[in-house]
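Here is the structure we will look at, set down as structure tokens.
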Amino acid sequence: MSKVVDLFGVEIASDQDVDATSRRDVVVDSDRNVNWTRVLDEQICPFSDRKCYKVRKSQPDVSIGTCTMEYGRDATPIIICPLRLLERRQVFVDCLHLLHEHRPGNEFHVVSEVSIPGGSVDYFLTSVLEGCVKDFVGIELQTMDTTGTVWPERQRLLRNLGFDVDDADVSSEKPYGMNWKHTAKTTLIQLHHKVRTFEYLKRHLVLVVQDQLLNYMRREFVFDHLDSARDADPMHFHSYRFERGKGGNRVLLDDRLSTDANGIATCLGLQAEPNVEMEAIVDMIEAKLSPETVFNLT
């Protein structure tokens with residue numbers, strides 16, 4: 001039985017009872033109107049409308065296509081591809097309220113991969129009038145990094161669907177895991193570098209994550225100072241829960257938090273930010289200034 005929850009955006013029944021049939025090398029699931037042969041041939045990610053970018057190193061023409069995997073004793077669905085969060089483009093809709101300079105008549109644009117001081121931002125949701133940007137929100141997508149390989153689980157699913165796959169892949173005992181600590185810490189460090197820019201520009205940066213990852217951050221890092229989302233804060237966390245249902249798998253907004261650049265430093269346990277240290281030093285120097293401290297060359 002495979003632990004794949006959705007493949008190329010197509011949900012797998014939670015009971016794994018796919019009930020696929022084969023005819024002339026075409027595998028279909030008539031109950032859900034899924035032509036699995038076409039899905040595997042086209043390798044299209046429905047959330048980007050492009051070929052799935054996650055490919056096998058040994059077979060660069062083969063996309064893996066695993067969006068979400070079950071993990072742990074309770075088989076929790078964990079999203080492992082950030083593009084899975086783009087379902088219905090809801091993550092962008094949930095950031096519209098942060099475009100304070102947007103006016104009726106302006107167009108909304110979503111621009112990807114924009115470089116800023118401190119790194120690159122996945123998306124910019126922008127308010128545009130006559131080709132000119134009037135406001136913007138930076139949006140970062142972060143899902144779980146995996147260890148090991150999910151390939152055997154993928155191949156077991158394909159066999160269950162009725163495809164002819166390599167016995168060695170199906171019988172492989174190579175496991176996969178979730179790299180919680182590395183994912184969480186790397187994400188917070190990257191935010192620490194980037195949020196200063198947004199704070200200086202008086203704009204917002206939003207981190208979009210699954211609720212499972214945010215819950216881990218709350219347990220393992222200092223998050224007590226984070227408040228319910230306030231529009232005045234430059235750094236926002238939007239967490240989404242993954243729900244399985246008869247109408248298909250969905251991601252739904254679960255919680256919103258916010259803070260500022262110093263708040264991200266606190267999350268990481270940093271005692272002082274460079275600018276805070278500078279202000280403290282300047283204050284101490286200014287308190288000691290007097291006629292006696294004037295540097296006199298004579």
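Model, not experiment: these values are computed from the prediction.
Taking all atoms of both residues into account, the shortest heavy-atom contact from H102 to S127 is ND1-OG, 2.7 Å. Shortest non-hydrogen contact noted between F223 and M217 is CD1-O, 3.6 Å. Residue D167 comes nearest to R159 through the heavy atom pair OD1-NH2, 2.5 Å, listed as atom of the first residue, atom of the second, then distance. Across every non-hydrogen atom of T259 and G263, the tightest pair is OG1-CA, 3.2 Å. Considering all non-hydrogen atoms of both residues, T147 and M178 come closest at OG1-N, 4.3 Å. Heavy-atom minimum distance, R244 versus I12: NH2-O, 4.4 Å.
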#### Entry: L99/V137 under side chain to side chain contact (heavy atoms under 4.5 Å, CB included): CA gap, chis, key distance, verdict
CA-CA 7 Å; L99 291 170; V137 176; 3.7 Å; yes

### Query
What do the steps show when you test F124 against I116 for side chain to side chain contact (heavy atoms under 4.5 Å, CB included), and what is the final call?
CA-CA 11 Å; F124 272 79; I116 66 166; 4.0 Å; yes

### Task
Could you give me the CA-CA distance, side-chain angles and deciding distance for L207 and T187, then say whether side chain to side chain contact (heavy atoms under 4.5 Å, CB included) is met?
CA-CA 9 Å; L207 176 69; T187 299; 3.7 Å; yes

### Query
Does the side chain to side chain contact (heavy atoms under 4.5 Å, CB included) test come out yes or no for R154 and D169, once each step is laid out?
CA-CA 9 Å; R154 176 194 192 270; D169 288 339; over 6 Å; no

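A distance of 7.0 Å separates CG in L125 from CZ in F108, rounded to the nearest 0.5 Å. Between the OG1 atom in T126 and the CD atom in E101 there is a gap of 14.0 Å [rounded to 0.5 Å]. The CD atom of E153 sits 9.5 Å away from the OG atom of S172 when rounded to the nearest 0.5 Å. Rounded to the nearest 0.5 angstrom, K54 NZ and C67 SG are separated by 8.5 Å. Remark: Y123 OH to E140 CD distance equals 10.5 Å, nearest 0.5 Å. A distance of 9.5 Å separates CD of Q142 from CG of L188, quoted to the nearest 0.5 Å.
Note on L40: it clusters hydrophobically with V150, by side-chain heavy-atom contacts below 4.5 Å among ILVMFWY residues. Residues V165 and L7 share a single hydrophobic cluster, defined by chaining ILVMFWY side chains whose heavy atoms lie under 4.5 Å apart. In terms of hydrophobic clustering, with Ile, Leu, Val, Met, Phe, Trp and Tyr side chains grouped at heavy-atom distances under 4.5 Å, F163 and L157 are assigned to a common cluster. Cluster membership check: L213 does not share its hydrophobic cluster with V222, using side-chain heavy-atom separations under 4.5 Å among Ile, Leu, Val, Met, Phe, Trp and Tyr. Cluster annotation: L226 is connected to L268 through the hydrophobic network of ILVMFWY side chains, with a link wherever side-chain heavy atoms come within less than 4.5 Å.
In terms of modelled atom types and a separation under 3.5 Å, the side chain of D233 and the main chain of M235 share no donor-acceptor contact. Distance alone, capped at 3.5 Å, is enough to place a donor-acceptor pair between the R156 side chain and the V170 backbone.
Here R56 pairs with nothing under the salt bridge (Lys or Arg N to Asp or Glu O under 4.0 Å) rule; sequence neighbours left out.
Counting heavy-atom neighbours within 6.0 Å of Y53 OH, excluding the residue itself, gives a total above 12. Environment of CG in D164: sparse, with no more than 12 heavy atoms of neighbouring residues, nucleotides or ligands closer than 6.0 Å. The 12-atom threshold is exceeded at CD of E113, counting heavy atoms of other residues, nucleotides or ligands nearer than 6.0 Å. Under a cut-off of 6.0 angstrom, the local environment of CZ in R241 is crowded, with over 12 non-hydrogen atoms contributed by other residues, nucleotides or ligands. More than 12 non-hydrogen atoms from other residues, nucleotides or ligands lie less than 6.0 angstrom from NE2 of H97.
Two residues are said to be in side-chain contact when any heavy atoms from C-beta on lie closer than 4.5 Å; L191 and F237 meet this criterion. Contact check for W151 versus V62: side-chain heavy atoms found under the 4.5 Å cut-off. Using a 4.5 Å heavy-atom cutoff, the side chains of L257 and D255 are in contact. Taking the side chain as every heavy atom from C-beta outward, V4 and M69 approach each other to under 4.5 Å. For the pair F136/F198, a side-chain contact is recorded, criterion being any heavy-atom separation below 4.5 Å from C-beta on. For the pair Q210 and T143, the minimum side-chain heavy-atom distance is 4.5 Å or more. The shortest side-chain heavy-atom distance between I139 and L141 falls under the 4.5 Å cut-off. The closest side-chain heavy-atom distance from I78 to T68 is not below 4.5 Å.
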Listing, residues 80-93 side-chain donor-acceptor contacts under 3.5 Å, not counting sequence neighbours, or none:
unit_1 : atom_1 : unit_2 : atom_2 : d
R84    : NE     : D6     : OD2    : 2.8
R84    : NH1    : E87    : OE1    : 2.8
R84    : NH2    : E87    : OE1    : 3.3
E87    : OE1    : V251   : N      : 3.3
R88    : NH1    : V251   : O      : 3.4
R88    : NH2    : V251   : O      : 3.4
R89    : NH1    : F47    : O      : 2.9
R89    : NH1    : L86    : O      : 3.2
R89    : NH2    : F47    : O      : 3.1
Q90    : NE2    : D94    : OD1    : 2.9

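Comment: D135 does not engage R103 in a salt bridge, judged by the lack of any side-chain N to carboxylate O separation of less than 4.0 angstrom.
Checked options R219, Q212, E220, K185; the residue passing with W180 is Q212 (criterion: side chain to side chain contact (heavy atoms under 4.5 Å, CB included)).
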